[in-house]
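The structure appears below as structure tokens.
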Amino acid sequence: MQPNNKLCLGLWALGESQGFHSKTEPRDAKNIIKAAYQKGIRSFDTAFSYHNTNLLYSALKEIGVKTDSVEIFIKVMPYKTLGKKVEAELRALKCEKVKSILIHWPSDKGLYDALKAAEKLKDEGKAESIGISNFPPEITEKIQKDFLLSYCEIYSSPTLINMPAKGLKVLKYGIFSFGSLLRDDVPKDGRNTLYYYQSSYYGTFLDLKDKIKEISEKKGISPKETLLSFAAYDNPERIIIGARKKEHLTDLNICELNEEEYLSIYEKSVKLSKGFSSDNIFCHNWKGQDAAL
């Protein structure tokens, strides 16, 4: 199988979900990781808070793959213990170095020290680079004055398109809106609290889904492939996808959308998120914070 250099398997769906979905059994999680590798995915995104880095190591070992032969992004918080947590992740992975250490969320306390700790680990050869995850551009631009960042991970879906700061390699996640854009009913788990299921947004959300379906039928591809193609339009470094079953790793082709097709989805997206006050899907609002800088 030829490597798929655009897709990255995100392991959030195989870890602690904060109520968004039920826990995946370890054997099932490992089978999903192995299936992703067998489909050509060579990039993996995880976090200390997911509690599944050991599963990534174990799954790859079962198919004879060393963790230092794949690309691994690690997100870490809280800040005061960042170094210790990265070291723990490296031990669980049984590798000496990862692709990048990402600060998982911004904060108004300790961010500067956390970045220094991540930078030190990079200098020690334990990561190729450092980056940030879920940071609004306002904070990222301040950080870039003092630290050399390489990656910016952002939630980027037609339900909420976040704009990254300039000069960083972009990792996009949430492409399918946690599966919401691929189902016809309202989920019964924690996803039903997401803003677009509220009455003031729901009609526009359905219009967006209809537009995605219309383009999919016109191009002869699945809605999943349309969403992947939408995410790939501006050529991000990686598109992070999640899976809770092996069947979720189907329809992973990226097709070319023309400008009209892209804009027709984008305009629906802007209309949907207009008036939504948070700068991210989880309703944490970091805009305006000085992030201790």
Side-chain angles (χ1 to χ4, degrees), residues 3-14 20 36 39-47 50 71-75 99-106 129-137 139-140 149-182 191 194-196 208 212 215 221-243 248-249 251-257 261-263 265-270 272-273 276 278-282 284 286:
N4 188 324
N5 294 324
K6 187 60 70 174
L7 297 183
C8 173
L9 181 68
L11 303 188
W12 178 76
L14 305 180
F20 264 54
K39 287 181 174 292
I41 293 176
R42 300 291 184 268
S43 181
F44 299 89
D45 174 80
T46 187
Y50 298 172
E71 182 181 76
I72 301 175
F73 296 93
I74 291 179
K75 302 188 294 290
K99 185 68 175 180
S100 193
I101 298 168
L102 309 181
I103 307 296
H104 204 164
W105 287 93
S129 62
I130 64 173
I132 43 89
S133 173
N134 299 309
F135 279 50
I139 295 179
T140 307
L149 304 177
S150 296
Y151 292 96
C152 175
E153 184 173 315
I154 57 173
Y155 183 94
S156 184
S157 166
T159 55
L160 186 63
I161 299 176
N162 282 312
M163 302 306 294
K166 296 179 181 178
L168 299 180
K169 298 174 184 178
V170 179
L171 311 172
K172 291 185 176 183
Y173 78 94
I175 310 305
F176 313 125
S177 295
F178 308 115
S180 299
L181 287 171
L182 299 176
R191 289 172 292 177
L194 292 166
Y195 85 94
Y196 44 77
L208 170 62
I212 292 167
I215 292 173
I221 60 179
S222 70
K224 181 184 287 186
E225 289 168 322
T226 297
L227 288 166
L228 285 171
S229 304
F230 180 81
Y233 186 83
D234 59 354
N235 195 32
E237 186 74 9
R238 296 287 181 270
I239 297 171
I240 302 172
I241 61 169
H248 294 163
L249 294 169
D251 296 340
L252 299 181
N253 298 307
I254 294 174
C255 309
E256 184 176 346
L257 298 185
E261 291 166 337
Y262 174 82
L263 289 176
I265 296 175
Y266 180 80
E267 288 167 0
K268 296 281 186 184
S269 173
V270 171
L272 175 63
S273 58
F276 182 57
S278 177
D279 55 36
N280 64 82
I281 201 71
F282 296 107
H284 302 302
W286 302 103

TODO: Check ring pair (Phe, Tyr, Trp, His ring centres under 6.0 Å) between Tyr233 and all other residues, then give those that pass, not counting sequence neighbours.
DONE: Tyr262

Open item on the list: The criterion is ring pair (Phe, Tyr, Trp, His ring centres under 6.0 Å); which residues satisfy it with Phe73, sequence neighbours excluded?
Closed with: Tyr151

Using side chain to side chain donor-acceptor pair (under 3.5 Å) as the criterion, list what pairs up with [X], not counting sequence neighbours.
X: Ser157; result: Thr159, Ser177
X: Lys99; result: Glu128
X: Asn134; result: Tyr173
X: Lys268; result: none

In Å and rounded to the nearest 0.5 Å, what is the [atom1] to [atom2] distance from [X] to [Y]?
X: Ile130; Y: Ile101; atom1: CD1; atom2: CD1; value: 8.0 Å
X: Cys152; Y: Leu171; atom1: SG; atom2: CG; value: 7.5 Å
X: Asp45; Y: Leu11; atom1: CG; atom2: CG; value: 7.0 Å
X: Ile72; Y: Phe44; atom1: CD1; atom2: CZ; value: 7.5 Å
X: Leu208; Y: Ser273; atom1: CG; atom2: OG; value: 10.0 Å

- [ ] Carefully, step by step, assess Asn235 and Lys6 under the rule side-chain contact (heavy atoms from CB on, under 4.5 Å).
- [x] CA-CA 9 Å; Asn235 195 32; Lys6 187 60 70 174; 2.9 Å; yes

What heavy-atom pair brings [X] and [Y] nearest, and what distance separates the two atoms?
X: Lys39; Y: Leu249; answer: CE-O, 2.8 Å
X: Asn162; Y: Tyr155; answer: ND2-O, 3.0 Å
X: Ile281; Y: Tyr195; answer: CD1-CE2, 3.7 Å
X: Ser150; Y: Ser129; answer: OG-CB, 3.4 Å
X: Met163; Y: Pro137; answer: O-CG, 3.0 Å

Open item on the list: Run the salt bridge (Lys or Arg N to Asp or Glu O under 4.0 Å) test against Asp234 and tell me which residues pass, sequence neighbours left out.
Closed with: Lys172

Open item on the list: The criterion is salt bridge (Lys or Arg N to Asp or Glu O under 4.0 Å); which residues satisfy it with Glu237, sequence neighbours excluded?
Closed with: none

TODO: Might you work through the side-chain contact (heavy atoms from CB on, under 4.5 Å) test for Leu14 and Thr46, ending with a clear yes or no?
DONE: CA-CA 10 Å; Leu14 305 180; Thr46 187; over 6 Å; no

Open item on the list: For Phe178 and Trp12, take the angle between the two ring planes, folded into 0 to 90°, and tell me which bin it lands in: parallel under 30, tilted 30 to 60, perpendicular over 60.
Closed with: tilted

- [ ] Report yes or no: does Arg238 contribute a side-chain atom to a donor-acceptor pair with the main-chain N or O of Asn5 at less than 3.5 Å?
- [x] yes

Open item on the list: Tell me whether Ser269 contacts the main-chain N or O of Pro158 through its side chain, where contact means a donor paired with an acceptor under 3.5 Å.
Closed with: yes

Task: Test log, rule side-chain contact (heavy atoms from CB on, under 4.5 Å), inputs Asp251 and Leu228 - done: CA-CA 9 Å; Asp251 296 340; Leu228 285 171; over 6 Å; no

- [ ] Identify, with sequence neighbours excluded, every residue that meets side-chain contact (heavy atoms from CB on, under 4.5 Å) alongside Asn253.
- [x] Glu225

Open item on the list: List the residues meeting side-chain contact (heavy atoms from CB on, under 4.5 Å) with Thr140, not counting sequence neighbours, and say none if there are none.
Closed with: Ile132, Phe135, Gln144, Leu149, Ala165, Leu168

TODO: Enumerate the residue pairs fulfilling salt bridge (charged side-chain N to carboxylate O under 4.0 Å, His left out) with a member in residues 150-165, sequence neighbours excluded, ordered by first and then second residue.
DONE: Lys75-Glu153

Open item on the list: Is there a side-chain contact (heavy atoms from CB on, under 4.5 Å) between Ile175 and Ile240? Walk through the geometry before answering.
Closed with: CA-CA 8 Å; Ile175 310 305; Ile240 302 172; over 6 Å; no

Is there a side-chain contact between [X] and [Y] (heavy atoms, below 4.5 Å)?
X: Ser229; Y: Thr226; result: no
X: Leu227; Y: Ile265; result: no
X: Ile161; Y: Phe230; result: yes

